[in-house]
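In what follows, a structure is listed as structure tokens, so that the remarks can point back to it.
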Amino acid sequence: MAKATAGPEIERLIQLLARLPGLGPRSARRAALHLIKKRDQLMTPLAGALQIATEKVVVCRNCGNIDTMNPCAVCSDPKRDPSVIVVVGDVADLWALERASVLNARYHVLGGTLSPLDGVGPQDLAIDTLVARAQEPEVKEIVLALNATVDGQTTAHYITDLLHDANVSVTRLAHGVPVGGELDYLDEGTLSQALRSRTPM
Ligand code: ZN
């Protein structure tokens, strides 16, 4: 067993930090030391923010986003276009699309994508509630913003079939050349999708 270099409280802090995505044991140790050194400027406010988040963060009953209000700030915003719902797999995808700030739409978080290999079926995702929202009279378009993976695209096709009788147009994100991408470095799958999805200049 490795020798402990600090008391149990500090070791526990390091172990907890090491569970965060992107942090291994070594960077967790560095982060813990940084927090301890910056106790007043960083550790105390962080502990307070974590405490408040623990008490207040909830899942939006409408769209599945996480926020401290329910319905969430996006669903409650009267300036959002109620005719468009962007479907994402995870809250991280919602946040990524919001950073792009192209659409002023509302969202629907599925909570994952269909994955027969991992035993994730339609009943494990928020698909029923999406179909119900698609029936609302103000909704005109469902944008499937799902990962360009086999599971993401399987989910997109499944949802498209389910929405066949709803009075909405179902669209998906374009697949193709990334911004700043050089053709020579792209894989064949991306290139063939880009050719098939070509648009007029
Ligand atoms: Zn919401």
Side-chain angles (χ1 to χ4, degrees), residues 16 19-23 45-176 178-179:
L16 288 171
R19 289 193 207 166
L20 293 173
L23 282 191
L46 178 66
L50 285 171
Q51 182 66 40
I52 291 170
T54 308
E55 289 162 7
K56 295 200 168 168
V57 170
V58 285
V59 175
C60 174
R61 61 173 174 265
N62 192 40
C63 75
N65 187 16
I66 54 171
D67 204 346
T68 52
M69 52 201 274
N70 196 0
C72 71
V74 174
C75 287
S76 311
D77 183 355
K79 296 197 194 79
R80 296 268 170 175
D81 180 358
S83 70
V84 182
I85 295 176
V86 182
V87 179
V88 293
D90 196 81
V91 173
D93 305 327
L94 187 163
W95 288 1
L97 291 170
E98 278 290 285
R99 282 201 304 277
S101 63
V102 173
L103 285 180
N104 191 34
R106 293 184 300 169
Y107 292 90
H108 190 88
V109 182
L110 294 175
T113 45
L114 294 174
S115 178
L117 285 178
D118 297 322
V120 181
Q123 70 286 350
D124 300 309
L125 305 176
I127 291 179
D128 289 356
T129 45
L130 171 64
V131 174
R133 288 183 74 191
Q135 316 283 343
E136 290 168 9
E138 71 267 28
V139 177
K140 302 282 179 265
E141 181 182 358
I142 303 288
V143 183
L144 300 173
L146 298 166
N147 291 335
T149 57
V150 172
D151 288 348
Q153 295 313 297
T154 304
T155 311
H157 285 294
Y158 181 82
I159 292 174
T160 305
D161 288 346
L162 282 184
L163 295 177
H164 191 261
D165 296 328
N167 193 22
V168 289
S169 68
V170 181
T171 57
R172 68 156 170 83
L173 297 187
H175 296 168
V179 174

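When a ligand or atom number is given, it counts from 1 through the structure's own listing order.
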Checklist entry - Quick one: do Arg80 and Glu138 make a salt bridge, cutoff under 4.0 Å? => result no

Checklist entry - Can you list the protein N, O or S atoms less than 2.8 Å from the Zn ion (ligand 1)? => result Cys60 SG, Cys63 SG, Cys72 SG, Cys75 SG

Checklist outcome for this item: Taken to the nearest 0.5 Å, the spacing of Thr171 OG1 from Glu141 CD works out to 3.5 Å

Item to check | For Ile52, all residues meeting side-chain contact (heavy atoms from CB on, under 4.5 Å), sequence neighbours excluded | outcome: Lys56

Show me the donor-acceptor pairs, under 3.5 Å and distance only, between side chains in residues 81-88 and residues at least two apart or in other chains.
residue : atom : partner : partner atom : Å
Asp81   : OD1  : Ser83   : N            : 2.8
Asp81   : OD1  : Ser83   : OG           : 2.7
Asp81   : OD2  : Ser83   : OG           : 3.2

Acceptor/donor pairs from residues 117-132 side chains to any protein atom, 3.5 angstrom cut, sequence neighbours excluded:
residue : atom : partner : partner atom : Å
Asp118  : OD2  : Ser115  : OG           : 3.0
Asp124  : OD2  : Gly121  : N            : 2.8
Thr129  : OG1  : His108  : NE2          : 3.4
Thr129  : OG1  : Ala126  : O            : 3.3

Checklist outcome for this item: SG of Cys72 to CG of Asn65, rounded to nearest 0.5 Å, is 4.5 Å

